Asks: 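A single structure is presented below for examination.
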2 protein chains.
Amino acid sequence: METGSGRNRSVPTLEMVAALAGVSRATVSRVVNASPKVNPDIRAAVNEAIATLNYVPNRAARSLVSRRSQAVALVVPESTAKVFADPFFASVVQGIALSLAETDFTLNMIIASESRSEKTRRYLLGGNVDGAIVVSHHSGDHSYAHLGQALPIVFGGRPLTGADDSYYVDVDNDAGAATATAHLVGLGRRSIATIAGPQDMPPGVDRLNGWRHSLQSAGLDDSLIEVGDFSPESGTVAMRRLLDRGVPIDALFAANDQMAAGAYAAIRERGLRIPEDIAVVGFDDDYFGATATPALTTVHQPAVEMGATIAEVLVKLIEGTPVERVTRLSTKLMVRDSA
Amino acid sequence: METGSGRNRSVPTLEMVAALAGVSRATVSRVVNASPKVNPDIRAAVNEAIATLNYVPNRAARSLVSRRSQAVALVVPESTAKVFADPFFASVVQGIALSLAETDFTLNMIIASESRSEKTRRYLLGGNVDGAIVVSHHSGDHSYAHLGQALPIVFGGRPLTGADDSYYVDVDNDAGAATATAHLVGLGRRSIATIAGPQDMPPGVDRLNGWRHSLQSAGLDDSLIEVGDFSPESGTVAMRRLLDRGVPIDALFAANDQMAAGAYAAIRERGLRIPEDIAVVGFDDDYFGATATPALTTVHQPAVEMGATIAEVLVKLIEGTPVERVTRLSTKLMVRDSA
DNA sequence: TTGAAAGCGCTAACAG
DNA sequence: CTGTTAGCGCTTTCAA
């Protein structure tokens, strides 16, 4: 009585359906689980009973006996949670949720903090979920990699550690950066600088590599590099340093839109024009790029698709269907006004 | 055999713990559930057995017998999911997840589309969760309100339908708008316009009311109203219409930062300066305001706190602890350069 | 093809 | 304070 707002609407059980349909519980179970060997007439009768009773199978009971939770965990490291507002990340989550909605799997979101890591580990290994997704944009956090032995896990983003047997889905950062840089080269620019991201994060590394490869194959100088931390402020600082080198610069590839936006400020401080004096290309295609003036030419990432793909790979892994360990999604250059 | 990557590491059961500790399963259960009446020595022995075995209680089994899933659903209407990248919304979700992490509840995220509404209903009522949270920023979607009878539900945001018995947590939009407007009045502005949000969304209505109340109590004209749809473009269009009225305007309260950013463009088109000619205040304190030049004075919403509060209210509701039906969180005016 | 029976791992009376 | 005894709702051999 004192438990407050409990459920009182009597939930129909499989047994009640069986009684109403005049069959055994086993048969109802077979119908519910779409077993092929059930007499069509009986099947119809059972389905009718299910409908009139508004029967919904009890997950806990099913899970208990089948040893399957039909749930997957979405693990979000707390450090990432802070940048939860990251539009890219948000879209990835959206893609995951949308894709999973098509299946029978439920999505359990859990924030994993350092302090609660043991709790998280237990949760994942305690049979609460059939698999897990670990996402952390702009980070190669694979501290859960070793759990891959015990539980199907798919990572969003390439792990930092090279030789890995993890399953992951990533955006082709290298190719995207190379395409962006090639665009600059195609525009006739010859002194192309870059503001790279942190070199301890895969996207930071991969995008720098893409820029470098593109420049090298064009036979251009690839020494105009400054490193930022993906924040607008770091972009401003890095751009100033680039300009302070005294070397003429006619183009910039920033490893993300936020730093590109920051670079805008530094470029303007020096009385230079965009794109006339310095053409700028960013990466991410987020708010920062969209609201900048002039509109930023940038590399768009298929975030929703990435989320959907992660979910699909995980489901296949859980179901034992063969899948590639690595899936790389291609990006698209959005040419606007800055380059 | 053909089920692919299943778990093989034998999961220890309560029974194994009991055997190792030399007690009955009931006693182990008591220790696990922190029952007060257990001999300290026995408790210690059991805990040791739990530790050495690395025992984790099976949720399904527990849930089956206790009739509690220890899970809550986070229902995100699909229309909202599109604006999943909305930073406010993202922070609310973060607050929810963080708060729930402190409890024993799990967060099940589900995207509810029109086409799958029956599936969602069944999921919620099928005993899969002990309660639900329905969030949809910038919308008073309470189509799940009637489920409140059968399941504890807490809404994020005020419902549009006035007389309601739903539980909800909201930001005090009215007061926030009034404070923003009062700030403008305090600056000596006398012709204060507003770009309101859609009048079929609670925040749109409440913010317009706050503006109006503030103006009325200052004895100023409250007829300079144009309605937008919260997008930057609509802000530009609305501002042009306001300016086209031919009435001098020296200040603007935009119902959100995005529209304020849009208004910036229209104001500049006319060769007017911000804040000298027209002081501008927005609402939301998001990217748009932060990156605008001049930096936008705006109303900050406690998004993470809102999420945390929603979760706390729901947990209390589930546990039968008394809670207020309505919780209104206060906002904070962030004075920057535009007003 | 269908039914009977045996649990899955856990909690909750009820005794002792 | 601790153990015994029943199941929770479902799937799954095993027979019929």
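Proteins come first, then strands; the chains are lettered A, B, ... in the order of their sequence lines, and each starts at number 1. Model, not experiment: these values are computed from the prediction.
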Asks: Bend angle of the helix from C:dT1-D:dA16 to C:dG16-D:dC1 from five-pair axes at both ends, rounded to 10°?
Replies: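 About 30° separates the two local helix axes.
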
Asks: Just jot down the salt bridge (Lys or Arg N to Asp or Glu O under 4.0 Å) partners of B:R25, sequence neighbours excluded, or say none.
Replies: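 Counting only residues at least two positions away or on another chain, B:R25 forms no salt bridge (Lys or Arg N to Asp or Glu O under 4.0 Å).
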
Asks: The criterion is side-chain contact (heavy atoms from CB on, under 4.5 Å); which residues satisfy it with A:S99, sequence neighbours excluded?
Replies: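 Partners of A:S99 under the side-chain contact (heavy atoms from CB on, under 4.5 Å) test: A:A308, A:A311, A:E312.
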
Asks: Who passes side-chain hydrogen bond (donor to acceptor under 3.5 Å, both in side chains) against A:D170, sequence neighbours left out?
Replies: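 Counting only residues at least two positions away or on another chain, A:D170 forms no side-chain hydrogen bond (donor to acceptor under 3.5 Å, both in side chains).
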
Asks: Quick one: list whatever passes side-chain contact (heavy atoms from CB on, under 4.5 Å) with B:V56, sequence neighbours left out.
Replies: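 Residues passing side-chain contact (heavy atoms from CB on, under 4.5 Å) with B:V56: A:R122.
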
Asks: Any pair with a residue in residues 26-35 of chain B that passes side chain to side chain donor-acceptor pair (under 3.5 Å), sequence neighbours left out, goes on the list, sorted by first then second residue, please.
Replies: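 Checked against side chain to side chain donor-acceptor pair (under 3.5 Å) - neighbours excluded - the pairs reaching residues 26-35 of chain B are B:S24-B:T27, B:S29-B:N33, B:N33-B:R62.
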
Asks: Among all residues two or more places apart in sequence or in another chain, which pass the side-chain contact (heavy atoms from CB on, under 4.5 Å) test with A:T13?
Replies: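 side-chain contact (heavy atoms from CB on, under 4.5 Å) check on A:T13 returns A:E15, A:M16.
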
Asks: If the condition is side-chain contact (heavy atoms from CB on, under 4.5 Å), which residues does A:I50 pass it with, not counting sequence neighbours?
Replies: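 Partners of A:I50 under the side-chain contact (heavy atoms from CB on, under 4.5 Å) test: A:V17, A:V32, A:V46, A:N47, A:Y55.
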
Asks: Please, which pairs that meet side chain to side chain donor-acceptor pair (under 3.5 Å) have at least one residue in residues 36-45 of chain B, sequence neighbours excluded?
Replies: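 Output for this query is empty, none listed.
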
Asks: Applying salt bridge (Lys or Arg N to Asp or Glu O under 4.0 Å), name anything that partners B:R121, two or more places apart in sequence or on another chain.
Replies: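 Scan of B:R121 (salt bridge (Lys or Arg N to Asp or Glu O under 4.0 Å), adjacent residues dropped) gives B:E118.
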
Asks: When you list every nucleotide of DNA chain C with an atom under 4.0 Å from a heavy atom of chain A, which one comes first 5' to 3', and which comes last?
Replies: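 Here the contact window of chain A covers C:dT1 to C:dG9.
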
Asks: List the protein contact pattern of nucleotides 8-16 of chain D with one symbol per nucleotide (5' to 3'): B for base contact, S for sugar-phosphate-only contact, - for none; contact means a heavy-atom distance under 4.0 Å.
Replies: BBBBBB---

Asks: How far does CD1 of B:I133 sit from CG of B:L314, to the nearest 0.5 angstrom?
Replies: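 One gets 5.0 Å once the value is rounded to the nearest 0.5 Å.
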
